[in-house]
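Notes for the one structure printed next.
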Amino acid sequence: MQERYDPAAVERAAQDYWDSHGTFAARESAGRGKYYCLSMFPYPSGRLHMGHVRNYTIGDVLARFMRMQGLNVLQPMGWDAFGLPAENAAIANGVPPARWTRENIAYMKRQLQALGFGLDWSRELATCDPDYYRWNQWLFLRMRERGIAYKKTGVVNWDPIDQTVLANEQVIDGRGWRTGALVEKREIPMYYLRITAYAEELLGALEGLDGWPERVRTMQANWIGRSEGCDVSFPYADDTRAALGGEGALKVFTTRVDTLFGVSFVAVSAEHPLATAAAARSAALAEFVAECRRGSTMEADVATLEKRGLPTGLHVSHPLTGEPIEVWVANYVLMSYGEGAVMGVPAHDERDFEFAQRNGLAIPTVVRPAGAAWQQVGAEWLPEYAAHGITINSGEFSGLDFDAAVDKIAAALEQRKLGAKRVQWRLRDWGISRQRYWGCPIPLVHCAACGEVPVPDADLPVRLPEDLVPDGSGNPLAKSAAFLDCACPKCGKSARRETDTMDTFVDSSWYFLRFASSDQHAAPVDERVQYWLPVDQYIGGIEHAILHLLYSRFWTRAMRDMGLLRLAEPFSKLLTQGMVLNHIYYRQPAAGRRQFINPAEVELRTDAAGARTAIWMNDNAPVEQGGLGTMSKSKNNGVDPQSMVEKYGADTARLFMMFASPPEQTLEWSEEGVQGQYRFLRRLWKAVHEHVSAAPVERHQGLIKIVAGAAGAPAGASPNASLSAAAAQLRRQSHHTLERVTGDIARRRVFNTAIAATMELLNAVSRYDEAGSAARAARHEALEIIVLCLSPMVPHICHELWHALGHEGALIDESWPQPDAAALKQDTVEIIVQVNGKLRGRVQVASGADQATAQAAALADESVRRFAGEAPPRRVVYVPGKLLNIVV
RNA sequence: GCGAAAGUGGCGGAACUGGUAGACGCGCUGGCCUUAGGAGCCAGUGGGGCAACCCGUAAGAGUUCGAGUCUCUUCUUUCGCACCA
């Protein structure tokens, strides 16, 4: 064994060993439990970032741990390779997205390999491979046959100068990112997947997902958003009938039909047919509707708009009283939710209250609290006004509580065929059409004679040409004759290919299934999915808590209903890792944009007064401190994992990631912290080196028995009996550490405390200075436990140290040991003594001591007696083995 | 705006089931050592106080023998909001 820790050499050797032995190639084999450990696959942006390193280290720790637990582990990796950044790179550099993407994949794959992740590379896939996306197309066609995929119009961001559809992130302050033109909303035909057909099941099944964080389940439940309410139709009044040229009714959905008698207006969205009709007759209204059509389609933008509206001058009739009610157009009503119209009940809804006050509309009170605290709402809004209560001023429906009022009013509406109770979902169908080049082509052909014709299965995949270079103005597929021109599969006449591609969320909605049968060329999946799925542990960023995970749950069910799977939930356990943060430093010029400065170039100085100043080392002048933020290119605060690996080695990078915070929380980058982990590994190396060079190491079969053997104790005797108190104490700590680490990884899924525990053990080994064969054996055992416990986190150095400690085989093939109960046994325990809940002393008592014994021991303590006084205690609380609280 | 979560020393964090607040690490202070290193070793390090002790987990209230942990209110930060992935 070398005296110096040389990470580069150690890591190369360990990786060569795993590669040449095919250690991580997963095999299906009966009789052994399986463990499918999956980290969310990366977008091949060019280089790995720290978020990836964190994500994949967590996965690798669990995969290696479970492998040592004797499970058949599958840990695959792939590439989420379609998407916008490749097109942006093409616009900037003129490189075709295909080439850019493939080069990025090659580079990032080398980075992943250098980090020593135990991945089965034989199953690697990229979503831009025709072998993969042909099954997207195949599955899409099956969904289309079943009515799961269907066509309707949808709203997109339109850049009028570039004549192109923009993604939300390409809209900055309502303007196109390249042209600066005001963005418009535009309706175009698109394909949708009927995820709402699964809303009930997706919501109900959340309850059974007990391996998922509660907060993710809550977020999904809120996203699906089941609400029970009532449809209400407001028949058109004469003026509206005249304007629209016919009979009809305005339909709204409400969860508060008990307040139906408090309606003082109805509001429709700017896209609603009634708004269009009214706008045709009024210039002011037309202007307002046009204004609502400008700006982005993002809900967050819409929700923060100033709530405004205009009357249409048209009326509808109240379904029960027949009173005329004016129709307004309001910018806060969403066409995509419910019916695109709402009834306004200002007295009992805060938004309607503000709207009515602003526009001088009536605010009739129709509900009072059960306690009769008030009979009429005031001029200032109070949250109580929206609470359920007793109906008033509601004709024959007055005096009812919420449930009764809803039942009676809904029944009355139903009788008149003007409404009925209904469940409404917030969840909308999933629009998958993208007017973009770098994605999976939608396999349809447009024929003048036959209309829209699906591409026959035998002709799949519809290949995406890989030599096009987008320029930002529209979809290059629509300009490529080679792609566009084709023969109609039905009539054979010349036809045109569909140029829309699929949302990249489609690609990622089933890749975890494909890993189980990535070499199957006759079908998307085969029987092997039944062996590997569900994923036992899925790991990824919290930012995917809703969309990706919900789409995957839906897609899996859709495939189940096609008979391709016997599985509903794809992910048994979910770990959502926190973001990686770093400091932000910048300078704000008098005019222009902030200049962000990389934290690696900044030095923090503390002046005499204790104030901390950040200095840019390039010019030795101060910079502004912008706090902490997620690592990103735009804030120039990223740290390149590559430089970490080169400087300290993969093990140090992995160890820091696992030590700096628990996996679900944000992780703050710290160069000093990384150095600390590097120091720890060097100390560990040195401790093993000193131990093995002090005397020859015998070959050991495993742990523990060595102590009894080396001390010459008779077989069957407790190994501790022949040990010194200090050696027995070291053994106890060794096995206690093993117990803690096992629980932390297996049960709690936290690694920072597991690492802290092994650090404590190494500190104890360093302090332990007894000599002799028993002492040597106890020390040897402690070092073996440290190396075993750390091996999932820092596998390279542990691989090497395991050999140094006298083992022939590879550490990764070792099984995870059980703590030795005999080593853990303790005769006395320390309990803390409180007086009135305040800590006043601590005493040693026998392990199973009863309350009287503990109390006597406690009162022998001088400090306890002083606070407890002479009078008998009013109450004594005793928690055996832990604490005694004397209340006086 | 709506939905979700998190606030503990100078810093990252620990305290798992309501029971010793600050494990472990970083930083800092003092000392030692040396083939002077971005090395190693030892000691100290929440605040106040000579001490006995007192105070202390974003702020404020409450439940309890006992609250960082449970409840309510407020503040701050982070994530998501359907075409970034």
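Here is how names work: the chains are called A, B, and so on, in the same order as the sequence lines, proteins then strands, and each is numbered from 1. Not measured: the values here are computed from a predicted model.
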(request) Classify the side chain of A:Arg747 versus the base of B:rC16 as yes if they form a donor-acceptor pair under 3.5 Å and no if they do not. (result) yes
Output the single nucleotide from [options] whose closest atom is nearest the side chain of [X].
| X | options | value |
| --- | --- | --- |
| A:Gln665 | B:rA14, B:rC54, B:rA4 | B:rA14 |
| A:Glu760 | B:rG19, B:rA23, B:rA82 | B:rA23 |
| A:His544 | B:rA85, B:rC53, B:rA4 | B:rA85 |
| A:Pro662 | B:rA14, B:rC24, B:rG80 | B:rA14 |
| A:Val879 | B:rC24, B:rA85, B:rG19 | B:rG19 |
| A:Leu84 | B:rC16, B:rG19, B:rC84 | B:rC84 |
| A:Ala300 | B:rA82, B:rC81, B:rG19 | B:rC81 |
| A:Leu883 | B:rG19, B:rG25, B:rA85 | B:rG19 |
| A:Gln675 | B:rA14, B:rG19, B:rG38 | B:rG38 |

(request) Mind telling me whether A:Phe505 and A:His548 have parallel, tilted or perpendicular rings, with 30° and 60° as the class edges? (result) parallel
(request) Look at the rings of A:Tyr198 and A:Phe554 and say which category their plane angle falls in: under 30° parallel, 30 to 60° tilted, over 60° perpendicular. (result) perpendicular
(message) To check you understand the geometry: which heavy-atom pair defines the closest contact between A:Lys307 and A:Asn331, and what is its length?
(response) CA-OD1, 3.6 Å
(request) Please report the closest heavy-atom contact between A:Leu84 and A:Glu169, naming both atoms and the distance. (result) CD2-OE2, 3.7 Å
Starting at [atom1] of [X] and ending at [atom2] of [N], how long is that distance when rounded to a whole Å?
| X | N | atom1 | atom2 | result |
| --- | --- | --- | --- | --- |
| A:Leu550 | B:rA4 | CG | C1' | 15 Å |
| A:Asp301 | B:rG1 | CG | C1' | 11 Å |
| A:Arg679 | B:rA39 | CZ | C1' | 10 Å |
| A:Arg4 | B:rG37 | CZ | C1' | 11 Å |
| A:Tyr878 | B:rU20 | OH | P | 16 Å |
| A:Leu761 | B:rG25 | CG | P | 12 Å |
| A:Glu668 | B:rG25 | CD | C1' | 14 Å |

Under 4.0 Å, counting only non-hydrogen atoms across every strand here, what does [X] touch: a base, just sugar-phosphate, or nothing?
| X | value |
| --- | --- |
| A:Tyr43 | sugar-phosphate |
| A:Leu667 | nothing |
| A:Val165 | base |
| A:Asn885 | base |
| A:Val171 | nothing |
| A:Ser433 | base |

Return no unless some side-chain N or O of [X] is found under 4.0 Å from OP1 or OP2 of [N].
| X | N | answer |
| --- | --- | --- |
| A:Arg842 | B:rU20 | no |
| A:Thr504 | B:rA85 | yes |
| A:Arg682 | B:rG40 | yes |
| A:Arg740 | B:rA23 | no |
| A:Lys838 | B:rG19 | no |
| A:Asn836 | B:rG66 | no |
| A:Arg748 | B:rA15 | yes |
| A:Asn222 | B:rG80 | no |

(message) To the nearest 0.5 Å, what is the distance between CD1 on A:Ile785 and OG1 on A:Thr758?
(response) 11.5 Å
(request) Go through the side-chain N and O atoms of A:Arg683 and A:Asn763 and say whether any donor and acceptor fall under 3.5 Å apart. (result) yes
(request) Classify the side-chain pair A:Thr164/A:Asp159 by whether it contains a donor and acceptor separated by less than 3.5 Å. (result) no
